[in-house]
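These notes concern the structure reproduced below.
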Amino acid sequence: MRAGVVVFPGSNCDRDVAVALSQSTGKKTAMIWHRDTDLPDLDLIVVPGGFSYGDYLRCGAMGAHSPVMQEIKRRAEKGTRVLGICNGFQIITEAGLVPGVLMRNAGLKYVCKDVFLRVEDSQSAFTARYNAGQIVRIPIGHGEGNYFADDETLDRLEGEGLVAFRYATPTGEITLDANPNGSQRNIAGVFNKSRTVLGMMPHPERLSDPKLGGTDGRAMFDALVETLA
Amino acid sequence: MKAKVHITLKNGVLDPQGKAVEHALHGQGFKGVSDVRQGKFIELKLTGSDKAKAKAEVEEMCKKLLANTVIENFSVEVTD
Amino acid sequence: MKAKVHITLKNGVLDPQGKAVEHALHGQGFKGVSDVRQGKFIELKLTGSDKAKAKAEVEEMCKKLLANTVIENFSVEVTD
Amino acid sequence: MTTAKITAADIKTHGLSNDEYKKILEVLGREPNLVELGIFSVMWSEHCSYKSSKKWLKTLPTTAPWVICGPGENAGVIDIGEGLAAIFKMESHNHPSFIEPYQGAATGVGGILRDVFTMGARPIANMNALRFGSPDHPKTRHLVSGVVAGIAGYGNCVGVPTVGGEVNFHASYNGNILVNAMTVGLAKQDKIFYSAAAGAGNPVVYVGSKTGRDGIHGATMASAEFDANSEEKRPTVQVGDPFTEKLLIEACMELMATDAIQSIQDMGAAGLTSSSFEMASKGGMGVELEMEKVPQREEGMTPYEMMLSESQERMLIILKPGKEDIARAIFEKWELDFAVIGHLTTTGRMILKFHGEVVCDLPIDPLAQASPEYDRPWTPTRRQSILEAKDVKDVAWPEALKTLIGCPDLASRKWVYEQYDHMVMADTCQRPGGDAAVVRIHGSNRGLAISTDVTPRYVLADPLEGGKQAVAETWRNITAVGGRPLAITDNLNFGNPQKPEIMGQIVEAIKGIGEACKGLDYPVISGNVSLYNETDGNPIMPTPAIGGVGLIDNLDTMMTVPFKAEKEIILLAGQAGGGWLGQSLYLREICGQEKGAPPPVDLLHERRVGDFVRSMIHGKKLTACHDLSDGGLMVALAEMALSGDVGCELKNVAGHARLFGEDQGRYVLTVKTSDLAGVKAAATAANVALEEIGATGGTAIALNGASVALADLRKLHEGWFPGYMARPA
Ligand SMILES: Nc1ncnc2c1ncn2[C@@H]1O[C@H](COP(=O)(O)OP(=O)(O)O)[C@@H](O)[C@H]1O
Ligand SMILES: [Mg+2]
């Protein structure tokens, strides 16, 4: 699998996810500068966490309009897998690659901690190594991860099985207490229609190494390598 | 010319900040307050002198960048 | 009654938000834009019917909570 | 040169004494103009000149074979092997944070980051040591929430993990909170950058954000010259722009990878003045600047304002000849301002021109050399007598433990550190909540252990012992995770040094710090002094915050606090018996008293016990380890039990003094039964007292027929902070 990571001037999880990817691919991960429009051949493009252009207006708003995103949209249409993590999720929603918006956390504070996720769907290149219903532990770190979409959209997402992850208790209950940011229906990650694009607030790259306290995130990168090899 | 842009959340979209501010105001003893909504206010300068054209341009900016029309409304006012 | 509150940064105070928005607008091809400043816009409902009193009360809220008067100015407008 | 006559009021508003002004006249041989006066006031301020503390700071041990650069540069540098260096420093932003907590704390983080990356290090960890007033004080909640949000707002955006720190509450900080921020960075030893300017003719380059009228000395208000547009020219609070800082880090790192930089320094307090002055002075050079070339944010700025502005996110660089284009391209790529604003000269003078006119002409060396240094009178702190345990009320341990574990100074800090991104960079091996934070050295299996500590109530009662204790506690925390403590940075926060009793605290605390550094081979490599922390004559408790850094050579042996499993043996290492209740939290929180001599630190004992514990950790003999500090044995055990969600059953310990005394140099360890004999034998051989005090297991802490459920303790421990912050003001 050839993987690339976009680097915006305010990205700060670009290296983290590149390291996690390389660990699974055994290859160097390509870094894509935000002004590049001429991208190499890639099987997976990751839009990483951070604060793209400072995110002072609205998270992801400026990133969504960057030159590189126009090209990524074209690639996504052709089926190239795109993974938006945290700020990357905010960017790809702003860019319309997946539905919804990420609003300010209901508690109004930035939250950095491990959360438990229930894997809702394992029928994608991203989640093939998980079982539907499996509970995984993955960290979050964001101030604006409160997923919002209107009821119609939410019903459609659920109906088509496009919810990828939900915030859950360690035993898999979907409760208010398990929801760290006020997201509608505890949604932590969603797919596009064809499940080739995934946006998620939690950071799989932060628990992909036993030295960091866990490896639940690694399965996502391994699955991608396996599917897209 | 100057433009003033108001960006507000659409009705029906939950406003956590507004809710928190309301809560805090109640805590401070301002009991008669309700329906607090928080939005953005952006001021900017423009070259040129055609107000109608300027307004259209700023509206374009809102659609393209300043507002997220999935959840936000905007209004633009242009003055000298 | 309704109140509209505008909270803006004082002159001379660095406005990273405004700076970034201006930069992004330029990047999007809106070249004629300058001096972008970003502030807050808060709307709220109030009980009672005495406008002057309401205005004074909202100004109090601004001082106490809504605005950071070390770096921000505010203005209040009360309507029915 | 324009010469508006300097008035007595000008001198006063610039914070200069009459004697100091006389010295200025002597150095110059004429009257200064306002620009020059401004520069003197800044260079001779306490902040830049350390005039009250210099004499004493010189006594601190600052060398060791692994110290590459001690105090005097922007940050200190130590050798951590494999060609790498750790660069770190701590700095205060106390006053600004009290005025505007969010921006004050945010810009404090920005400032200390620049001190570290200006030396060529990529910042890899941030720490923060915070002291607030009493929780009951009407301002406290607002200050806590603003300061924490500010640190988070800045650190999270620049993408440097905030991995630890301290939070204390005490009424003495009601009018003067303390916000001390520390940054640790990583550099290649052959790519360290210093600030001494060299090479006549070399370009002086300004990069980063534009200069505005931020934080300009209050003199601008009072001085007649600036009265006309006072609203426009009012000194303003500095607002941080972490996104620009992030760009600045990346751009500087990129430039540092080339061979373009001769020297570099951040523009910190007193911005352009101190940076240009210090760089020239260190290199014995002169400097000539054309002030109109300084990138400006506002219209009509004067050279005075530009020289004194404290706008954030700016750096000054001396480039090697002909490197302007390389440098410019990098800063343009990162969309930052870049301007050649002058050049170095051999005249030894600082000459500022504004549109061709000379507005300042100062001799650099004489000014630096004549900078005041005071030997302020001081009186030693009166020692208190040792408090006998029998004179302290003995409260049933379950009640005492519940009170302590949920008291403001011991309650969980989760509410604070969950707002900090402590995982970005994906190298955080030990997150906040343990004894020391551990960050991996990227791409290796080694790590840095970092801890900040000081116990102000000890320092107040006995500055010498308190100073020692602060150093020893960081050393102990680093040891507890398996680190080899290497060096410290300090942040000396005190009241008004012109009061002999405060000066006495400074002198004795420095002496204590120095003794501990010597005794533990743990030198001071950087630091910061913050004086005049007083309101209405009420000084803060003396608070010399210490930030320690150590090395873990093999992360496979890293140790942590939580109990790991049931049926493991619990051991208490260090000083048998114990029972020191003077100045303990037990005394303060349970008995409502703050008195007695604080626990003494025996450095030989400290070292012996610490070295033993570390060797057991490295030998993989332990399953958990936690040092004893505030609240003594029971609190340490409760923290281990809560974090591991495993209870314990204790024996051989009883009595409030034993259970809650704060004797120093001790650790709780757990071992598997199979390792017990070996560990005991090693302790005997090392002459370290080791007592078996119980075993892990169950869902409660049990002792002498009484017990407290972990669930109850957890509620108290984790409930206090969020509960306090949620209460309406
Ligand atoms: N301001 C803070 N920011 C981040 N972490 C903090 C802060 N205050 C305390 N912590 C963390 O909480 C834990 C407990 O702190 P403290 O009681 O001071 O530990 P110790 O007694 O071991 O020095 C430590 O891991 C510390 O790093
Ligand atoms: Mg400790």
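A, B, ... follow the sequence lines: proteins, then strands. Residue 1 opens every chain.
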**Asked** Any ring pair (Phe, Tyr, Trp, His ring centres under 6.0 Å) pairs touching residues 59-80 of chain B, not counting sequence neighbours?
**Response** none
**Complete:** In short, ring pair (Phe, Tyr, Trp, His ring centres under 6.0 Å) pairs touching residues 48-71 of chain B with sequence neighbours left out are none
**Request:** Could you pull out the closest heavy-atom pair between C:Met1 and C:Ala54, with the gap in Å?
**Result:** CE-CB, 3.6 Å
**Message:** Less than 4.5 Å to any heavy atom of chain C: does that hold for the side chain of B:Leu25, its backbone, both, or neither?
**Reply:**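 Its backbone and side chain both get close to chain C.
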**Message:** Checking B:Ala3 now: which residues fulfil side chain to side chain contact (heavy atoms under 4.5 Å, CB included) with it, not counting sequence neighbours?
**Reply:**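 Once residues adjacent in sequence are excluded, the partners of B:Ala3 under the side chain to side chain contact (heavy atoms under 4.5 Å, CB included) criterion are B:Leu44, B:Leu46, B:Val58, B:Val78.
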Pairs of donor and acceptor atoms under 3.5 Å between chain B and chain C, please, with atom names and distances.
from: B:His6; atom 1: NE2; to: C:His6; atom 2: NE2; distance (Å): 2.5
from: B:Gly32; atom 1: O; to: C:Thr47; atom 2: N; distance (Å): 3.3
from: B:Ser34; atom 1: N; to: C:Lys45; atom 2: O; distance (Å): 3.0
from: B:Ser34; atom 1: O; to: C:Lys45; atom 2: N; distance (Å): 2.8
from: B:Asp35; atom 1: OD2; to: C:Lys45; atom 2: NZ; distance (Å): 3.1
from: B:Arg37; atom 1: N; to: C:Glu43; atom 2: O; distance (Å): 2.8
from: B:Arg37; atom 1: O; to: C:Glu43; atom 2: N; distance (Å): 2.9
from: B:Gly39; atom 1: N; to: C:Phe41; atom 2: O; distance (Å): 2.6
from: B:Gly39; atom 1: O; to: C:Phe41; atom 2: N; distance (Å): 3.0
from: B:Phe41; atom 1: N; to: C:Gly39; atom 2: O; distance (Å): 3.0
from: B:Phe41; atom 1: O; to: C:Gly39; atom 2: N; distance (Å): 2.6
from: B:Glu43; atom 1: N; to: C:Arg37; atom 2: O; distance (Å): 2.9
from: B:Glu43; atom 1: O; to: C:Arg37; atom 2: N; distance (Å): 2.9
from: B:Lys45; atom 1: N; to: C:Ser34; atom 2: O; distance (Å): 2.8
from: B:Lys45; atom 1: O; to: C:Ser34; atom 2: N; distance (Å): 3.0
from: B:Lys45; atom 1: NZ; to: C:Asp35; atom 2: OD2; distance (Å): 3.2
from: B:Thr47; atom 1: N; to: C:Gly32; atom 2: O; distance (Å): 3.3

